[in-house]
Amino acid sequence: MVLVAQIIVDVPLMQTDRPYSYFVPESMQGQIAIGMRVHVPFGKGNRLLQGFILGLEEQENGGNLPELKPIAELLDYEPVLNQDQLDLADQMRQTVFSYKISILKSMLPGLLNSQYDKVIMATDKLSEEERCTFLQGRDHILFSQLSEKQGQAIPRLVQSGCVTVDYIAKDKQNIKTEKHYSVQKGILETLDISQRAKKRLELRDFLLGKSESGKLADLYKLFSRDVVKFFIEAGALVITEVEVNRADSYFEKVARTDFLELNAQQAHAVEVMTGQIGRGGKPFLLEGVTGSGKTEVYLHLIERTLTMGKTAIVLVPEISLTPQMTNRFISRFGDLVAIMHSGLSDGEKFDEWRKVRSGQAKVVVGARSAIFAPLDNIGAIIIDEEHEATYKQESNPRYHARDVALLRAKSHGAILVLGSATPSIETRARAQKGVYHFLELTERANPKAKIPQVEVVDFKDFVGRQEVSDFTPPLLEKIRERLARKEQVVLMLNRRGYSSFVMCRDCGYVDDCPNCDISLTLHMDTKTMNCHYCDFQKAIPHVCPNCQSRQIRYYGTGTQKAYDQLTELLPEARVIRMDVDTTRKKGAHEKLLEAFGSGKADILLGTQMIAKGLDFPNVTLVGVLNADTSLNLPDFRSAERTFQLLTQVAGRAGRADKEGEVIIQTYNPSHYAIRFAQQQDYEGFYAYEMGIRRQLAYPPYFYTVGITLSHKDEDFVVRKSYEVMAYLKEHLSDKVTFLGPTPKPIARTHNLYHYQIIIKYRFEDNLEETLNGVLDMTQEPENKDLRLIIDHEPQSFT
DNA sequence: AGCACGCCGACT
DNA sequence: GTCGGCGTGCTC
């Protein structure tokens with residue numbers, strides 16, 4: 001009998017999207033388990049790849065067993081993926097058109113997927129001359145450091161025994177440790193220390209005084225290494241190495257807070273939902289106006305969940321994962337909470353993940369991928385701001401966290417709560433049909449806080465009446481009022497597309513990216529022109545590349561320009577600017593909000609990132625400088641997105657006792673998205689938008705699949721797009737409708753042309769099979785460098 | 001992806 | 001006659 005492992009290796013390709021059998025060496029047999037990571041030799045060159053163990057079985061040692069390669073190395077002492085997660089991956093594989101290995105990898109913190117590098121080591125057979133050419137005189141070198149040309153010589157050198165090849169992890173230090181000391185009082189007191197050794201006496205007094213144990217590093221801050229060493233050698237100090245959690249410092253400074261009392265609506269919602277914990281059942285839509293205290297409902301719900309001995313996941317959009325948000329959870333549940341978001345370093349993410357796996361953390365608060373957290377016995381999964389497009393991953397595997405949550409909730413009998421002030425149309429429609437339970441919070445949690453008044457200002461009324469156009473007189477007037485009253489203002493610029501560029505005043509030349517159909521963006525912080533799609537970067541031109549004119553000017557239309565105007569118009573105002581440029585550095589985001597919150601500025605000017613979740617009681621005016629820029633995008637969700645954004649940002653005003661006011665500047669005051677946003681009427685918007693969706697056969701009346709084809713040759717993509725289209729028409733029923741093929745709104749990026757086909761369907765039996773057939777087409781040699789993306793329910797068409 | 005096998009042109 | 005170009009096909 002031999003032990004055979006089924007292993008899926010890290011080669012994300014159609015041909016390798018299946019487990020391979022490997023022999024388990026005897027030395028590993030006691031430790032190996034399903035869900036562990038391994039290194040296995042793969043392919044002709046036996047290069048080492050990371051893989052996951054999906055199955056283990058005893059096999060008869062018959063002679064007809066194929067020659068199995070042995071597993072090279074076991075990477076874990078305990079499984080990194082549990083059965084729950086492996087089952088989840090199986091289910092996701094059915095709906096997400098990507099490979100299983102990609103799904104499995106996305107369930108783990110990045111550190112555990114880190115790459116391994118080949119090391120070439122010289123043996124004594126290698127001549128000095130060759131050593132200098134290949135290894136640059138050294139006895140070993142990373143393969144990635146060899147030039148491509150030299151790399152080709154490696155097989156020959158290996159064969160002749162001149163070099164050997166090994167693999168090392170690029171990042172080995174997963175677990176961080178810290179040295180701690182503890183005082184051995186008995187020994188310390190008997191130490192005979194000379195009265196002349198002043199430092200030693202000082203340290204002894206220090207240790208006898210208050211500090212019987214602590215971090216060795218702290219001791220080194222006060223005393224020199226020599227002095228400390230004396231005590232360690234004498235045995236008066238015992239040093240121990242303990243594992244530390246890199247994210248702990250984040251938790252230490254958060255003070256405990258008590259639960260707030262709920263109003264009747266909140267309490268009712270908590271009761272209804274708690275009743276379903278452990279029973280599964282339909283998901284809940286919790287629709288609550290801005291400021292209605294949804295977070296407090298979540299907190300109570302989690303408290304109940306924990307009392308029942310169960311665990312909880314809270315998903316929050318990345319952009320709202322501010323300390324203000326996470327601290328509310330930490331302050332109630334302390335170190336039972338794990339926080340997972342992109343602001344953490346790889347090491348910190350890994351530590352938080354371990355906290356969850358070990359069972360220490362029972363509440364996971366995080367962005368999209370936190371839905372995969374290895375919790376046992378989940379009682380509640382909460383998705384806050386459920387309408388946010390960031391819950392859909394825009395690269396492989398293209399999963400929607402809401403769909404994964406549904407699967408997990410089902411297998412755990414957990415309740416799934418979708419919370420929003422402005423639910424996605426799809427979700428709201430499901431609540432309407434009774435697919436979801438529908439719970440509403442119609443009042444603000446603070447009874448004194450009223451829903452703010454919203455005024456729409458038409459830019460067209462002021463055309464030609466002022467020099468600078470970002471600020472209309474009514475808005476300026478209101479800002480002045482607030483400055484006089486020492487209240488605060490939030491101003492939002494819609495969309496990042498509102499960025500700076502360079503144009504020649506003589507010939508109108510705009511500096512475009514050579515690889516993409518888009519103009520380059522000016523970044524003053526780095527003094528470069530950058531492309532938002534590819535990595536292209538160049539210096540700012542001083543002479544027009546087209547007509548050599550010196551009249552080449554920078555047209556800053558972004559927050560920078562608005563900021564400049566604002567400080568010119570209102571020199572006395574203290575303005576904080578928040579956009580990608582000012583928040584690039586780690587922690588800058590928090591620092592700026594902290595400064596605004598503590599009253600160090602009067603105006604917070606920023607992009608969408610200021611629209612969500614901020615809670616500053618002194619803000620009584622919110623201004624939207626340009627409501628339109630997200631309105632006319634070629635995307636059927638553009639009205640929905642605009643409405644959601646305007647409603648969210650309006651909700652930043654008047655959250656405490658003072659009354660709030662909102663001004664929306666627009667060129668389209670009669671557009672329904674803006675009219676309903678003005679009324680703060682989600683239900684009205686929902687009803688109106690549903691009419692349009694029905695008319696145009698869009699979700700939720702129809703499902704959509706987006707197929708994107710990309711290639712460097714435009715004619716080729718067009719031809720292939722029509723081929724794919726023909727294939728679809730042939731294999732799908734005639735109830736299906738198609739849009740396209742059409743060029744994507746930005747037709748070329750990374751030097752590739754993109755064409756898109758959209759499939760709309762209600763019921764279609766052959767869909768999965770047909771789409772897999774399309775995927776197979778890319779396997780044909782002539783389609784080798786054709787890129788094809790199948791996106792189920794795409795969230796963005798731009 | 002990598003790596004080898006395999007079948008055609010320009011070189012000692 | 002050989003070295004090497006990259007088309008094609010497989011990886012336990």
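The structure presented is a predicted model; accordingly, all values stated were derived computationally and were not measured. Just so it is clear: chains get the letters A, B, ... in the order the sequence lines come, proteins before strands, and each one is counted from 1. Below, all heavy atoms of this structure are taken into account, side chains as well, without hydrogens, waters or symmetry copies.
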Could you tabulate the donor-acceptor pairs under 3.5 Å formed by side-chain atoms of residues 397-410 of chain A, not counting sequence neighbours?
| unit_1 | atom_1 | unit_2 | atom_2 | d |
| --- | --- | --- | --- | --- |
| A:Arg398 | NH1 | A:Glu394 | O | 3.2 |
| A:His400 | ND1 | A:Arg402 | N | 3.0 |
| A:Arg402 | NE | A:Glu386 | OE1 | 3.3 |
| A:Arg402 | NH2 | A:Glu386 | OE1 | 3.3 |
| A:Arg408 | NH1 | A:Ile371 | O | 2.9 |
| A:Arg408 | NH1 | A:Ala373 | O | 2.6 |
| A:Arg408 | NH2 | A:Asp84 | OD2 | 2.9 |
| A:Arg408 | NH2 | A:Ala373 | O | 3.3 |

Could you check how far [atom1] of [X] sits from [atom2] of [N], rounded to whole Å?
X	N	atom1	atom2	value
A:Asp10	B:dG2	CG	P	10 Å
A:Leu49	B:dG2	CG	P	8 Å
A:Leu48	C:dC12	CG	C1'	15 Å
A:Leu54	C:dC12	CG	C1'	13 Å
A:Asp17	B:dA1	CG	C1'	14 Å

Tell me whether A:Lys355 is salt-bridged to A:Glu352, with the criterion being a basic N under 4.0 Å from an acidic carboxylate O.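 Looking at A:Lys355 and A:Glu352, the cut-off is met.
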Salt bridge check, A:Arg637 against A:Glu426: does any charged N sit closer than 4.0 Å to a carboxylate O? yes
Are side-chain N/O atoms of A:His792 and A:Thr95 paired as donor and acceptor at under 3.5 Å? no
Any donor-acceptor pair under 3.5 Å from A:Lys69 side chain to A:Gly43 backbone: yes
Can you tell me how far the CD1 atom of A:Ile34 sits from the CG atom of A:Leu54, to the nearest 0.5 Å?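 It is 8.0 Å, given to the nearest 0.5 Å.
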Detail all sub-3.5 Å separations between protein N/O atoms and N/O atoms belonging to nucleotides 7-11 of chain C.
| unit_1 | atom_1 | unit_2 | atom_2 | d |
| --- | --- | --- | --- | --- |
| C:dT11 | O3' | A:Gly43 | N | 3.4 |

